[in-house]
*Asks:* 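Following this message is one structure expressed as structure tokens.
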2 protein chains.
Amino acid sequence: MPELTPIAIRDEDLALVTYDDNGLVPAIVQEAGTGEVLMMAWMNETTLRRTLEEGRTVFWSRSRQEEWRKGDTSGDRQFVRSAHFDCDGDTLLFVVEQEGKGACHTGAKSCFFRPFGG
Amino acid sequence: MPELTPIAIRDEDLALVTYDDNGLVPAIVQEAGTGEVLMMAWMNETTLRRTLEEGRTVFWSRSRQEEWRKGDTSGDRQFVRSAHFDCDGDTLLFVVEQEGKGACHTGAKSCFFRPFGG
């Protein structure tokens, strides 16, 4: 298994994150090394804390209304190498080591495999 | 000025994009070449069409409730090199040539300049 590298949870960081009316914040996931953007999903404060503590991405499923830790079902886990919040604190970016074949439930490496314009 | 490379608007692409209750979809912006994730903002169908047609990113400002074409005020325009939608059609990714000093209103190149954990 790739190394787990938890990130220190600091109250001053978490205080700068803002959530939408549903208590959620978008989280972009980018592959370390290649820089490829793999996916975007949603976190609440609980799953953000879990992600930092555990060093693996944990999201909130809007459709199922439950926490999901990436890879627990698919095996394609994401190991966090760095985590960032943006200037407004309303979007997060996680740079990860992606395990397995990729991030997308379709089997593609990235969820963004379809270009506009063909 | 960098070259403008508009992207063909195809009904079959646009039909796969889904919008939230406010008619918006998150749009990630990544720098061509470096792969750096620069920012995330929101588009509605009109600004998505403008972005593809004009070859420059155009967003919807939720705070001002108006369209804004990136760089019209700051000068730091974004020239679209490729555009993608994700497996669920609910997130967009634009790979751009970033003009000027960067994408962030703070003066930083990327809006994600702050790491969790310091």
Side-chain angles (χ1 to χ4, degrees), chain A residues 5-10 12-14 16-17 20-22 25-42 48-49 51-52 62-63 80-95 102-108 110-118, chain B residues 5-10 12-14 16-17 20-22 25-42 48-49 51-52 62-63 80-95 102-108 110-118:
Chain A
T5 53
I7 290 170
I9 293 181
R10 305 192 307 176
E12 65 262 41
D13 293 342
L14 291 179
L16 291 170
V17 178
D20 68 12
D21 291 346
N22 298 309
V25 59
I28 302 165
V29 181
Q30 181 180 33
E31 188 176 50
T34 68
E36 188 167 3
V37 176
L38 298 173
M39 58 178 286
M40 201 280 276
W42 298 80
L48 169 56
R49 283 178 175 274
T51 297
L52 299 172
R62 297 179 300 170
S63 55
V80 178
R81 294 296 171 245
S82 65
H84 313 261
F85 51 102
D86 77 348
C87 51
D88 298 321
D90 62 4
T91 307
L92 310 180
L93 173 66
F94 294 88
V95 178
C104 188
H105 72 285
T106 64
S110 164
C111 294
F112 297 95
F113 58 89
R114 291 183 295 191
F116 284 99
Chain B
T5 53
I7 290 170
I9 294 181
R10 305 193 307 176
E12 65 261 43
D13 293 341
L14 291 180
L16 291 170
V17 178
D20 68 14
D21 292 344
N22 298 309
V25 59
I28 301 165
V29 182
Q30 180 180 35
E31 188 177 49
T34 67
E36 188 166 3
V37 176
L38 298 173
M39 57 179 285
M40 200 281 274
W42 297 80
L48 169 56
R49 284 178 176 273
T51 296
L52 298 172
R62 296 179 301 171
S63 54
V80 179
R81 294 298 170 246
S82 66
H84 313 261
F85 51 103
D86 77 349
C87 51
D88 298 321
D90 62 5
T91 307
L92 311 179
L93 173 65
F94 294 88
V95 178
C104 188
H105 73 284
T106 63
S110 163
C111 293
F112 296 95
F113 58 90
R114 290 183 295 189
F116 284 98

*Asks:* For A:Ile28, is it the side chain, the backbone, both, or neither that has a heavy atom closer than 4.5 Å to a heavy atom of chain B?
*Replies:*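 For A:Ile28, the side chain is the part near chain B, not the backbone.
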*Asks:* Considering only heavy atoms and a distance below 4.5 Å, find which of B:Thr106, B:Thr91, B:Ile7 pairs most often with chain A.
*Replies:*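 Ranked by contacts with chain A, first place is B:Thr91.
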*Asks:* On a heavy-atom basis, which atom in B:Val80 and which in B:Thr5 lie closest, and how many Å separate them?
*Replies:*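 Answer, listing the atom of B:Val80 first, then B:Thr5: O-OG1, 2.8 Å.
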*Asks:* Under 4.0 Å between a side-chain nitrogen and a carboxylate oxygen: does that hold for A:Arg62 and B:Asp90?
*Replies:*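 A salt bridge is present here (some side-chain N lies under 4.0 Å from a carboxylate O).
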*Asks:* Using heavy-atom distances under 4.5 Å, tell me whether A:Ser82 contacts chain B through its side chain, its backbone, both, or neither.
*Replies:*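 Neither the backbone nor the side chain of A:Ser82 comes within 4.5 Å of chain B.
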*Asks:* Do A:Cys104 and B:Cys87 have side chains that get closer than 4.5 Å, going by heavy atoms?
*Replies:*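 Side-chain contact under 4.5 Å: yes.
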*Asks:* Which answer fits A:Pro115, side chain, backbone, both or neither, if we ask what part of it has an atom under 4.5 Å from a heavy atom of chain B?
*Replies:*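 It is both, since atoms from each part get that close.
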*Asks:* Please classify the contact of A:Val95 with chain B as side chain, backbone, both or neither, using a heavy-atom distance under 4.5 Å.
*Replies:*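 A:Val95 has no heavy atom closer than 4.5 Å to chain B.
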*Asks:* I'd like to verify something: which residue of A:Gly89, A:Gly35, A:Cys111 has the highest number of heavy-atom pairs under 4.5 Å with chain B?
*Replies:*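 It is A:Cys111.
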*Asks:* Heavy-atom distance under 4.5 Å to chain B: side chain of A:Leu48, backbone, both or neither?
*Replies:*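 The side chain, not the backbone.
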*Asks:* For A:Ile9 and B:Phe116, run side chain to side chain contact (heavy atoms under 4.5 Å, CB included): C-alpha distance rounded to whole Å, both residues' side-chain angles, the deciding distance at 0.1 Å, then the answer.
*Replies:* CA-CA 7 Å; A:Ile9 293 181; B:Phe116 284 98; over 6 Å; no
*Asks:* Please collect all salt bridge (Lys or Arg N to Asp or Glu O under 4.0 Å) contacts where either partner lies in residues 26-42 of chain A, sequence neighbours excluded, each pair once.
*Replies:*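 For residues 26-42 of chain A, and leaving out neighbouring residues, the salt bridge (Lys or Arg N to Asp or Glu O under 4.0 Å) pairs sorted by first residue read A:Glu31-A:Lys109, A:Glu36-A:Lys109.
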*Asks:* Is the closest side-chain heavy-atom distance between B:Arg114 and A:Asp13 below 4.5 Å?
*Replies:*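 Counting from C-beta outward, B:Arg114 and A:Asp13 never come under 4.5 Å.
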*Asks:* Chain B heavy atoms under 4.5 Å from A:Leu92: which part of the residue, side chain, backbone, both or neither?
*Replies:*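 Contact with chain B is through both the backbone and side chain of A:Leu92.
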